[in-house]
Amino acid sequence: MDTIAGMTEFNAPIELNDGVSMPRIGYGTYKVGDDKARQTVETALELGYRLVDTAEMYGNEVGVGSAVANSGLPRADVFLTSKLWNDHHGYDSARRALEASLEHLGTDYIDLYMIHWPSPKQDLYVETFQALLKAKEEGLIRSAGVSNFLPEHLERVKDETGAWPSVNQVELHPYFNQPRLRAWHAERGIATESWGPLGQRTGSLLHERAVVDAATAHEKTAAQVVIRWHLQRECVVIPKSSHTERIAENLQVFDFALTEEELDAIDALETGERQGIDPGGHER
Ligand SMILES: NC(=O)c1ccc[n+]([C@@H]2O[C@H](COP(=O)([O-])OP(=O)(O)OC[C@H]3O[C@@H](n4cnc5c(N)ncnc54)[C@H](OP(=O)(O)O)[C@@H]3O)[C@@H](O)[C@H]2O)c1
C-alpha cells in the first residue's frame, strides 16, 4: 500500500449505497449510562469524532442527544446512529420505536437507523425494514441499515423490499474477522461496521504478539493497531471507552499504515468463534 495514500484515505468518509456519507470511525456507547454518555460523547465530539453509535437498548439516547446538543456542532456535522430493539419488530412497532428514539435524542432525524438483531423467530424483520424505508422516504432517517444480519436475512430483505440495507453492523475483530461476510457485503455494496472491535471479551487480543509487534514497529498502542486493522480491512469501526485518554488514543490512527504482512499476521488470529450471540439462533 502507498503509505501516504494509506494514511489519508481512511480519514475520508465512505459513501453508502444510498449516497449518504458516513465517517469510518465512531464512538461506541454500549454500557455507557445516560449520565456518563452526556460527558463522554461530548468529549468524543470535542476530540474530533463525528460518528456516535447508540441504540434504544443502551438506555442512553437522552445523554447522547444532550451531548450532541451541548457540543455546539451543527447537527449536520454529527452522524448519529441508533437501533431498534427486538421487541419493536413489525411495521407499526418499528415506527413507534423510531419516534421514541428521535424524541430521546432530541433530533428531527437519525443519520443511520438499524434493526439491532434479525430475531428470525419473530419473522418480522422484512416488515420492520419496510418501516425503515418509509421513514427514509419521509426524511426521519437518512439511511436504513441492519445489525447482526446473516446473508440469508439480507437476501430476504432485498428480495421482498427491493433494497439492500446500507450497512450491516456485526461482531468483527481479529479473533472473528468474518472475511467471507465482508467480501459478500462488498459485492453487494453493503458497508461492514465492526462491533466489539477490540475483541475485549477475552481480554487477550491487545497482548497478542502480532498486535504488539506492529504497535512497537509503528510506535503506536495495541488498540490503535487493531483499530487501524479494521480501517485497512475496509470496516467502519466504533470503539468504546469510558476514559478520556483512551477515547483520544482510539482516534489517533491516521498517521501510520500497517503493512500487508502485519495485516496478514493479525488476520491469522482468527479463531472461527464468536464472542457474542449467533444471530441465526433463536435467542433474540
Ligand atoms: N450491534 C450490536 O449488537 C452491538 C453489540 C455490541 C456493541 N455494539 C456497538 O459497538 C461498540 C463497540 O463495541 P464494545 O463496546 O462491545 O467493545 P470494544 O469497543 O471493542 O471494547 C470496549 C472495551 O475496550 C476497552 N478499551 C477501549 N479503548 C481501549 C484502549 N485504547 N486500550 C485498552 N482498552 C480499551 C474499554 O474499556 P474502558 O471503557 O474502561 O476504557 C472496554 O472495556 C459498542 O459500544 C456499541 O456502540 C453493537
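We count ligands from 1, going down the list as the structure has it; atoms in each ligand are counted the same way.
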Which atoms from ligand 1 have a heavy atom of [X] less than 4.0 Å away?
X	answer
Thr29	45 (O), 47 (O)
Pro239	19 (O)
Ala223	30 (C), 31 (N), 32 (N)
Asp53	9 (C), 46 (C), 47 (O)
Pro197	12 (C), 13 (O), 18 (P), 19 (O), 20 (O)
Gln169	1 (N), 2 (C), 4 (C), 8 (N), 9 (C), 48 (C)
Ser242	38 (P), 39 (O), 41 (O)

Using only heavy-atom distances, determine whether the side chains of [X] and [Y] contain a donor-acceptor pair under 3.5 Å.
X	Y	answer
Ser147	His116	no
His153	Glu155	no
Glu249	Thr221	yes
Asp53	Trp195	no
Thr192	Glu234	no
Thr54	Tyr30	no

Do me a favour and list the nearest non-hydrogen protein atom to [atom] with residue, atom name and distance?
atom	answer
atom 45 (O) of ligand 1	Tyr30 N, 2.9 Å
atom 28 (N) of ligand 1	Asn250 ND2, 3.0 Å
atom 38 (P) of ligand 1	Arg246 NH1, 3.3 Å
atom 24 (O) of ligand 1	Gln200 CG, 3.2 Å
atom 6 (C) of ligand 1	Trp195 CE3, 3.2 Å
atom 11 (C) of ligand 1	Ile238 O, 3.2 Å
atom 3 (O) of ligand 1	Asn148 ND2, 2.9 Å
atom 15 (O) of ligand 1	Lys240 CB, 3.3 Å

statement: The reported gap from CZ in Phe254 to CD1 in Ile25 (rounded to nearest 0.5 angstrom) is 5.0 Å

field: From OG (Ser66) to CD (Gln39), nearest 0.5 Å
entry: 11.5 Å

query: With a 4.0 Å cut-off on heavy atoms, is Tyr27 touching ligand 1?
result: no

message: Quick check against the 3.5 Å criterion: does Ser166 have a side-chain atom that pairs as donor or acceptor with the backbone of Asn17?
response: no

query: Sub-3.5 Å donor-acceptor pair from the side chain of Glu270 to the main-chain atoms of Gly272, do we have one?
result: yes

- prompt: Is a salt bridge present between Asp108 and Arg75, judged by a nitrogen-to-oxygen distance below 4.0 Å?
  reply: no

- prompt: Can you name the nearest heavy-atom pair linking Leu124 to Gly90, along with the distance?
  reply: CB-N, 4.0 Å

Does [X] approach ligand 1 within less than 4.0 angstrom via side chain, backbone, both or neither, non-hydrogen atoms only?
X	value
Leu206	side chain
Ser147	side chain
His116	side chain

- prompt: Can you find a protein heavy atom under 4.0 Å from atom 34 (N) of ligand 1?
  reply: yes

